[in-house]
K.L.:
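Have a look at this one before I ask anything.
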Amino acid sequence: MAETNGSTAFSLVTDQAEPNAAPGEPLVEAVDVVKSYGAVKALRGASITVRRGEVHALMGDNGAGKSTLIRCLAGVHPPDSGELHFDGQPMRLTAPSDARDLGIETVYQDLALVQELQVWQNLFMGRELHSGPFLRRVAMRDRADELLGDLLVNAPAARARVRGLSGGQRQSVAIARAVGWSSALVIMDEPTAALGVQETAAVEEVVERLHKDGLTVLLISHDVEQVLRMAQRVSVMRQGEVVGDREADDTSADDIVALITGASREDKA
């Protein structure tokens, strides 16, 4: 189910997988991406391939370049050099709206939710449904309830104000907003970093549901055990480069920690 408002469509998570999309094929690729901020070289030729239908984890210590790389993929910061590909074609992103037009949505650590607004208003902010000059409030609330109920076990009501939600519920609302507008890739930047054990488990369950429904997820996390539970592939960054890329089933926590700390490194082809 999708309804257009201008050039944007709102879809339920169960509609995300494209009929002709082949799981396991490259969806988004960064090739030798370089990005500097003044004298600071944040990315030094970073390369990553995110495949359709996978939960792909990106790990690394603070300052490794993870956030810069995802901001390049999300259209926030254009690379200084290197290439970005989407579905095998060159991807030129000059603004976040360019990435969103391709179906790439990002959940940042600050969530970007408006505390005083209701859940449904946050889900449709900037992408409201209209009938002529009038807002379709009932349709948006119904869509919000449908999406949240499909995605979350203990879903907050669409009319609930965000300021009254727990940290885990707020994180889930931010994820639901991204999923609702994404048709290709959801990027999550440390989605459980500030959550307790139960809330972390709830967010992990959401990610698992996305994977089962065929959506592609790029997950940034510091939690090695979490990554090995949730991801099918793990990439590790260090000092602005991707120094390792492995199938999660073929690696261990010790191997990943060694890549993060620089005790080992893979030679990338």
K.L.:
Please evaluate residues L259 and R246 with respect to the criterion side-chain contact (heavy atoms from CB on, under 4.5 Å), reporting the C-alpha separation (whole Å), side-chain torsions for both, the decisive distance (0.1 Å), and the verdict.
P.N.:
CA-CA 11 Å; L259 289 166; R246 299 183 177 184; 4.0 Å; yes
K.L.:
What distance separates R127 CZ from R100 CZ, expressed to the nearest 0.5 Å?
P.N.:
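The CZ atom of R100 is 5.0 Å from CZ of R127, to the nearest 0.5 Å.
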K.L.:
Is there side-chain contact between M237 and L58, with at least one heavy-atom pair below 4.5 Å?
P.N.:
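Heavy-atom side-chain distance check passes, below 4.5 Å.
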K.L.:
Hey, is the main chain of V50 close enough, under 3.5 Å, to the side chain of R233 for a donor-acceptor pair?
P.N.:
no
K.L.:
Using a 4.5 Å cut-off on heavy atoms from C-beta on, say whether the side chain of I104 contacts that of I187.
P.N.:
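In contact.
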K.L.:
Test your reading of the model: is there a side-chain donor-acceptor pair from S221 to the backbone of E190, 3.5 Å cut-off?
P.N.:
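Checking the backbone N and O of E190 against the side chain of S221, no donor-acceptor pair under 3.5 Å is found.
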K.L.:
For the pair Q89 and L102, evaluate side-chain contact (heavy atoms from CB on, under 4.5 Å) and give the outcome as yes or no after the intermediate values.
P.N.:
CA-CA 12 Å; Q89 301 298 318; L102 293 172; over 6 Å; no
K.L.:
Would you say H130 and E128 are linked by a side-chain donor-acceptor pair, where the criterion is simply a distance under 3.5 Å?
P.N.:
no
K.L.:
So which heavy atom on A178 is nearest to which on V107, and how close?
P.N.:
CB-CG2, 3.6 Å
K.L.:
How close do L165 and R170 get, heavy atom to heavy atom, and via which atoms?
P.N.:
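It is O-NE, 3.1 Å.
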K.L.:
Examine distances only and state if a side-chain atom of E199 and a backbone atom of G168 form a donor-acceptor pair shorter than 3.5 Å.
P.N.:
yes
K.L.:
Looking only at atom types and distance, does a side-chain atom of S166 sit under 3.5 Å from a main-chain N or O of Q169, one as donor and one as acceptor?
P.N.:
yes
K.L.:
Would you kindly confirm whether V119 and L135 end up in one hydrophobic cluster when ILVMFWY residues are joined by side chain heavy atoms under 4.5 Å apart?
P.N.:
yes
K.L.:
Any luck finding a side-chain donor-acceptor pair between H56 and S235 under 3.5 Å?
P.N.:
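Yes - a donor-acceptor pair under 3.5 Å links their side chains.
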K.L.:
Look at atom OH of Y37 and say whether more than 12 heavy atoms of other residues, nucleotides or ligands are closer to it than 6.0 Å.
P.N.:
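It does: Y37 OH has more than 12 such atoms within range.
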K.L.:
Which heavy atom in A176 sits nearest to a heavy atom in L123, and how many Å separate them?
P.N.:
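Of all heavy-atom pairs spanning A176 and L123, the closest is C-CD2, 4.1 Å.
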K.L.:
Does V257 share a hydrophobic cluster with V234, counting links as ILVMFWY side-chain heavy atoms below 4.5 Å and allowing steps through other members?
P.N.:
yes
K.L.:
State the CG-CD1 distance between L219 and I70, to the nearest 0.5 angstrom.
P.N.:
10.0 Å
K.L.:
Can you measure from OG (S172) to CZ (R177) and round to the nearest 0.5 angstrom?
P.N.:
12.5 Å
K.L.:
Taking NZ, NE, NH1 and NH2 as the nitrogens, is one of them in E116 or R163 under 4.0 Å from a carboxylate oxygen of the other?
P.N.:
yes
K.L.:
Apply the test side-chain contact (heavy atoms from CB on, under 4.5 Å) to residues W120 and R137: give CA-CA distance (whole Å), side-chain angles for both, the deciding distance (0.1 Å), then the verdict.
P.N.:
CA-CA 9 Å; W120 71 270; R137 297 176 183 272; 3.9 Å; yes
K.L.:
Should Y108 and L73 be regarded as members of a common hydrophobic cluster, given that ILVMFWY residues are connected when their side-chain heavy atoms come within less than 4.5 Å of each other, either directly or indirectly?
P.N.:
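Per the 4.5 Å side-chain linkage, Y108 and L73 are not co-clustered.
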K.L.:
Ignoring hydrogens, what is the shortest heavy-atom contact between P96 and V76? Give both atom names and the distance.
P.N.:
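That would be CG-CG2, 4.0 Å.
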K.L.:
Is there a side-chain contact between D223 and T200, using heavy atoms and a 4.5 Å cut-off?
P.N.:
no
K.L.:
According to a hydrophobic-cluster definition based on side-chain heavy atoms being under 4.5 Å apart (Ile, Leu, Val, Met, Phe, Trp, Tyr only), do M230 and V179 belong together?
P.N.:
yes
K.L.:
Has R229 got more than 12 heavy atoms of other residues, nucleotides or ligands less than 6.0 Å from its CZ?
P.N.:
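Yes, CZ of R229 has more than 12 neighbouring heavy atoms, counting only those of other groups under 6.0 Å.
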K.L.:
Are side-chain heavy atoms of V206 and Q171 found at a separation under 4.5 Å?
P.N.:
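No, their side chains stay 4.5 Å or more apart.
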K.L.:
Taking the side chain as C-beta and beyond, is there a heavy-atom pair between L84 and P79 under 4.5 Å?
P.N.:
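Yes. Closest side-chain heavy atoms under 4.5 Å.
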K.L.:
Look up atom CD in E205 and atom CD in E208, then write down how far apart they are to the nearest 0.5 Å.
P.N.:
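Nearest 0.5 Å value for the CD-CD distance: 9.0 Å.
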K.L.:
Supply the atom-to-atom distance E83 CD to E29 CD, rounded to the nearest 0.5 angstrom.
P.N.:
9.5 Å
K.L.:
Does M125 belong to the same Ile/Leu/Val/Met/Phe/Trp/Tyr cluster as L147, with side-chain heavy atoms less than 4.5 Å apart forming each link?
P.N.:
no
K.L.:
Hey, does D189 have a side-chain heavy atom less than 4.5 Å from the side chain of R71?
P.N.:
yes
K.L.:
Give me the atom names and distance for the closest heavy-atom approach of C72 to L43.
P.N.:
SG-CD1, 4.1 Å
K.L.:
Under 3.5 Å, side chain of W181 to main-chain N/O of F124, donor-acceptor pair present?
P.N.:
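Side chain of W181 to backbone of F124: no pair is present.
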K.L.:
Identify the two heavy atoms, one from A144 and one from A158, that lie closest to each other, and give their separation to 0.1 Å.
P.N.:
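So the two residues come closest at CB-CB, 3.8 Å.
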K.L.:
Would you say the side-chain atoms of S252 pair up with the backbone N or O of D255, donor to acceptor, closer than 3.5 Å?
P.N.:
yes
K.L.:
Taking D142 for its side chain and A139 for its backbone only, find out whether a donor-acceptor pair lies under 3.5 Å.
P.N.:
no
K.L.:
Flag the pair Q232 / R51 as yes when at least one side-chain heavy-atom distance between them is below 4.5 Å, and no otherwise.
P.N.:
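Counting from C-beta outward, Q232 and R51 never come under 4.5 Å.
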K.L.:
May I ask you to say whether R238 pairs ionically with D61, meaning some side-chain N is under 4.0 Å from a carboxylate O?
P.N.:
no
K.L.:
Can you tell me how far CZ of R92 sits from NE2 of H85, rounded to the nearest 0.5 angstrom?
P.N.:
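Separation between the atoms: 8.5 Å.
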K.L.:
Please tell me if the side chains of R52 and D87 come closer than 4.5 Å, counting only heavy atoms from C-beta onward.
P.N.:
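Side-chain contact under 4.5 Å: yes.
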K.L.:
Between the main-chain N or O of M59 and the side-chain N or O of K66, is there a donor-acceptor pair closer than 3.5 Å?
P.N.:
no
K.L.:
Run L117 and V162 through side-chain contact (heavy atoms from CB on, under 4.5 Å) and show every step you take.
P.N.:
CA-CA 6 Å; L117 294 183; V162 168; 5.8 Å; no
K.L.:
Would you check if the side chain of D80 reaches a backbone N or O of S36 as a donor-acceptor pair within less than 3.5 Å?
P.N.:
yes
